[in-house]
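When a ligand or atom number is given, it counts from 1 through the structure's own listing order.
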Amino acid sequence: MSTLREHWGSKLGFIMAAVGSAIGLGILWKFPYVVGKNGGGLFLISYIVCVVLIGLPLFIAELVLGRSAQKAAVLSIEYHRPDAPGWKIAAWLGIISSFLIMSFYSVIAGYGMSYILLSLNGFYQNLTLDEVGIVYEKLNTSGAISTFWHFLFTAITAMIVFLGVRKGIEYWSKIMVKIFLVLMLGLFAYSLTMPGLHEAFQFAFKVHPEQFTASSFIEALGLALFTLSLGQGIMISYGSYMHPKESILKTSCIVAFSVVLVAALSALTIFPVVFTFGVEPSSGPGLVFKTLPFLFAKLPCPMLISSAFFTLFVFTALTSAVPLIEVVATNLMELFDFSRKKAVIIVSTATFLFGLPSAFSQTDFQVFKDWKEIYGLSFLETIDQLVSVWVIPVAGLLTSIFVGWKIAQAVSKEQFCQKEDSPFLFHFWHFMIRYIVPAVTILILLQGSGVIDINNLIRAG
Ligand code: PHE
């Protein structure tokens, strides 16, 4: 290897980098909507249960794997089981999905960047909801402009990763996560003053059992894995930069708690705005790029609120995008002895190029003109689905089996148990990672692939 392994400069630095990776576009726009769609409070409770019982054990497993091996994903597996190279597939799946996520993540983040500019120009003033929607459609169908922002976002991410673990990822995550939290709390405080607050609380937190189905639980689980950035090998790399004396359990709990907190905060920031104006909460880009700007225009200081919101959007995307490039790059550095610079240039160029069809997914670009007609989803949505439904759960499943069954229990115990951590917690974690995490992930895969329909099974049972 060409360089000595870098380590985090401080515990806070690691936590900020991990929290930054977890809190991303998934939480900012996906989370609030799915909470409402799946019966509010009950879904929220299921999400928290999934984060604690499935996400957290897997998060710990990835850190244990990385710190014990002091290597990124592929070589961590080789380090523990040189006799079983087939398991490396778990790591490769993570690398592939990081690559795929980055390719479309930066297109969406690019829209966010373009909305900062639009907000500063006060574009939405005096526009109707439909007209605001038309601005979004225009952006969406302009391949060249989407590509420009996609390029810029990829380039900024690549710069941060290029600077390395401490000077790049840790330094910038600390700054960006802090700005993110300040902006979020500011917007949240503002939402508290809105008349729609009560309704938003009802929407997000009240238990509506009739809307909650067994598949809602599966959805909560998928979201928990996605929001904690699991199944990507990211936490394997991040674990390898951890100091040996730090408690994996404690830091993982802090990260999981922060993720749950910010997810709830994001629901309570977005929905008071939506309900104040009696708009139907719609999902994904529609909500963020069409409804919200229209509603911001009706509030006092629209320019400030709207630019603050989209800055928040871009920062949170950036702190999640950094590890996506990092994880692919570090594996290349270790496997092919590339320098950091070379690895980052190769990876970012490749994700940029592979993202082009996503940037052009709504345009009449010749090559992919009929994609949606043939596959039912746009190119961007296809990649998103592929990763969320298949690659992440499969990689998570393989990782849990590997850590639970294929590496010596003593090795995990040594990593898990610091002086202050009780052995009981270790045994509980080990039980979860051996039995419960694999069983539940298999269930998500079967449901996601349509092999079984949990709702029917439960009704029939
Ligand atoms: N956790 C991020 C989000 O919620 C997405 C992500 C997944 C980032 C996997 C990195 C790796 O948006």
May I ask you to check whether [X] and [Y] show a side-chain donor-acceptor distance below 3.5 Å?
{"X": "Gln415", "Y": "Ser68", "answer": "no"}
{"X": "Gln70", "Y": "Ser240", "answer": "no"}
{"X": "Thr382", "Y": "Trp371", "answer": "yes"}

Sequence neighbours excluded and cut-off under 3.5 Å, please list the side-chain donor-acceptor pairs for residues 397-405, or say none.
residue, atom, partner, partner atom, Å
Thr399, OG1, Ala395, O, 2.7
Ser400, OG, Gly396, O, 3.4
Ser400, OG, Leu397, O, 2.8
Trp405, NE1, Arg434, O, 3.1

Worksheet item: At a 4.0 angstrom heavy-atom cut-off, what protein residues surround ligand 1?
Response: Ser21, Ala22, Gly24, Leu25, Gly26, Ile27, Ile101, Tyr105, Phe226, Thr227, Ser229, Gln232, Ile234, Ser320, Leu324

Discussion item. Taking ring-ring contact (aromatic ring centres under 6.0 Å, His included) as the definition, give me every residue that meets it alongside Phe148, ordered by chain and number, with sequence neighbours left out.
Written reply: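 Counting only residues at least two positions away or on another chain, Phe148 forms no ring-ring contact (aromatic ring centres under 6.0 Å, His included).
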
Going by atom type alone, with no hydrogens or angles, which donor-acceptor pairs under 3.5 Å involve a side-chain atom of residues 308-321 and a protein atom two or more places apart or on another chain?
residue, atom, partner, partner atom, Å
Thr311, OG1, Ser307, O, 2.5
Thr316, OG1, Ile23, O, 2.8
Thr319, OG1, Gly20, O, 2.9
Thr319, OG1, Phe315, O, 3.3
Thr319, OG1, Thr316, O, 3.1
Ser320, OG, Gly20, O, 3.3
Ser320, OG, Ser21, O, 2.9
Ser320, OG, Ile23, O, 3.2
Ser320, OG, Thr316, O, 3.3

